[in-house]
**Student:** 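Below are the structure tokens for one structure; questions will follow.
Values below: all heavy atoms of this structure, side chains included; hydrogens, waters and symmetry mates excluded.
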Amino acid sequence: MTDSDGSVAGGAWRHWVRLGVFAVFLLGMFYLVAIARVIDVGRIREMVGETGPIAPVVYGVVAAGLGAVFVPGPILAAGSGILFGAFVGTFVTLGATVGTAATAAFLGSRAGRGSVRGVLGEERAERIDAQVQKYGLWAVVGQRFVPGISDAMAAYAFGAFGIPVWQMAVGAFIGSAPRAFVYTALGASIGELNAGLAYAAIAVWCVTAVLGAIVAHRGYRSWREQRGDRSIGSEPDVR
């Protein structure tokens, strides 16, 4: 009995260590790329611009990889707007966003999925799997509307919790469309000195921010209600 308990505890400890190492690695990469700015995005943009007619495809692929290592999405989207204008640039930004989401979710699943299941235990992991099947896609869409959350970091976490890559890709496409236009159009307005385009982008951003606040509020309220239902159901019957 003791040996069995000890082996379970030892297995959980190994899972926690693996998740901790993975989290530290991601946070370190986030600091270096998003805060310390060790990658010269402007130089990369210039190099992509020199590729000629295939530049939109090249930029989409490169930006997807850069997004997965935490280069801020607004910077990449603005660069797309500067290079290709608001219309083409928005589609390039969306393609890169979907690529980032799929890449990060795949890597998150490979690196953390087994350890997350080991920490949660089979019963809880199966309940989460059932929730993912029902609501995973819309969880990704909702996250994209909530401001202040790194999309790449969220995608790594979603992957570790078992959200399929296809749900990440579709959810990122749906949820990121407004912001993709906003930041791409702002970049294009700078390149084209178009004030009307900048005003349109700001208007869409304001609407998106309001929707994000509503989504966050409803998600928090739903979570509180579910917690309350569980606590009531777990109270012992004293009659």
Side-chain angles (χ1 to χ4, degrees), residues 22 24-111 144 147-156 158-159 165 168-198 200-202 204-205 208:
F22 184 48
V24 168
F25 172 76
L26 291 179
L27 290 173
M29 189 163 57
F30 178 82
Y31 172 79
L32 290 173
V33 177
I35 298 176
R37 303 289 175 86
V38 297
I39 296 177
D40 188 349
V41 179
R43 177 57 185 153
I44 293 174
R45 185 172 63 242
E46 292 173 0
M47 293 173 63
V48 171
E50 296 171 358
T51 60
I54 63 171
V57 176
V58 174
Y59 190 85
V61 174
V62 171
L66 292 175
V69 296
F70 301 111
V71 172
I75 293 177
L76 296 172
S80 180
I82 292 171
L83 285 174
F84 312 116
F87 181 74
V88 174
T90 297
F91 287 99
V92 173
T93 298
L94 273 175
T97 300
V98 170
T100 294
T103 300
F106 174 77
L107 294 176
S109 176
R110 298 282 295 188
R144 296 283 161 155
I149 300 176
S150 166
D151 291 337
M153 192 71 78
Y156 281 109
F158 279 138
V165 171
M168 279 301 311
V170 175
F173 181 85
I174 297 172
S176 298
R179 283 191 298 166
F181 168 75
V182 167
Y183 294 119
T184 304
L186 286 174
S189 69
I190 295 171
E192 301 171 5
L193 300 177
N194 188 331
L197 192 58
I202 292 171
V204 174
W205 182 87
T208 304

**Student:** Please report the shortest heavy-atom distance between A188 and G85, naming the atom on each side.
**Tutor:** CB-C, 3.9 Å
**Student:** Of all heavy-atom pairs between A104 and A152, which one has the smallest distance, and what is that distance?
**Tutor:**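 For A104 and A152, the tightest heavy-atom pair comes out as CB-O, 3.9 Å.
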**Student:** Can you see which heavy atom on G89 is nearest to which on S80, and at what distance?
**Tutor:** O-OG, 2.9 Å
**Student:** Identify every side-chain donor-acceptor pair in residues 170-183 under 3.5 Å, counting partners at least two apart or on other chains, and give the distances.
**Tutor:**
from: S176; atom 1: OG; to: R144; atom 2: NH1; distance (Å): 3.2
from: S176; atom 1: OG; to: A172; atom 2: O; distance (Å): 2.9
from: R179; atom 1: NE; to: R144; atom 2: O; distance (Å): 3.2
from: R179; atom 1: NH2; to: R144; atom 2: O; distance (Å): 3.0
from: R179; atom 1: NH2; to: D151; atom 2: OD1; distance (Å): 3.2
from: R179; atom 1: NH2; to: D151; atom 2: OD2; distance (Å): 2.8

**Student:** Find the distance between CG (L107) and CZ (F22) and round it off to the nearest 0.5 Å.
**Tutor:**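 Taking CG in L107 and CZ in F22, the distance rounds to 7.0 Å.
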**Student:** Which value, rounded to the nearest 0.5 Å, describes the distance between I82 atom CD1 and S189 atom OG?
**Tutor:**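 Answer rounded to 0.5 Å: 9.0 Å.
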**Student:** I need the minimum non-hydrogen distance between T184 and T90, along with the two atoms involved.
**Tutor:** CG2-N, 3.4 Å
**Student:** Kindly write out the residues that satisfy side-chain contact (heavy atoms from CB on, under 4.5 Å) with A63, not counting sequence neighbours, or none if the list is empty.
**Tutor:**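 Residues passing side-chain contact (heavy atoms from CB on, under 4.5 Å) with A63: Y59, L76, A96.
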**Student:** How far does CD1 of I35 sit from CZ of F70, to the nearest 0.5 angstrom?
**Tutor:** 11.0 Å
**Student:** Which atom names give the shortest non-hydrogen contact between A155 and A101, and what distance separates them?
**Tutor:** CB-O, 4.0 Å
**Student:** Using every non-hydrogen atom in the two residues, find where G67 and T100 come nearest and quote the distance to one decimal.
**Tutor:**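 Closest pair (atom of G67, atom of T100, distance): C-CG2, 3.5 Å.
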**Student:** Any donor-acceptor pair under 3.5 Å linking the side chain of S109 with the backbone of A105?
**Tutor:**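 Here the side-chain-to-backbone pair does not exist.
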**Student:** Pairs of donor and acceptor atoms involving the side chains of residues 45-57, under 3.5 Å and at least two apart or interchain, shall be tabulated with distances.
**Tutor:**
from: E46; atom 1: OE1; to: R43; atom 2: NH1; distance (Å): 3.4
from: T51; atom 1: OG1; to: V48; atom 2: O; distance (Å): 2.5

**Student:** Can V69 and I39 be said to form a side-chain contact (heavy atoms from CB on, under 4.5 Å), step by step?
**Tutor:** CA-CA 10 Å; V69 296; I39 296 177; 4.3 Å; yes
**Student:** Could you tell me the separation between the CZ atom of F30 and the OH atom of Y156, rounded to the nearest 0.5 Å?
**Tutor:** 12.5 Å
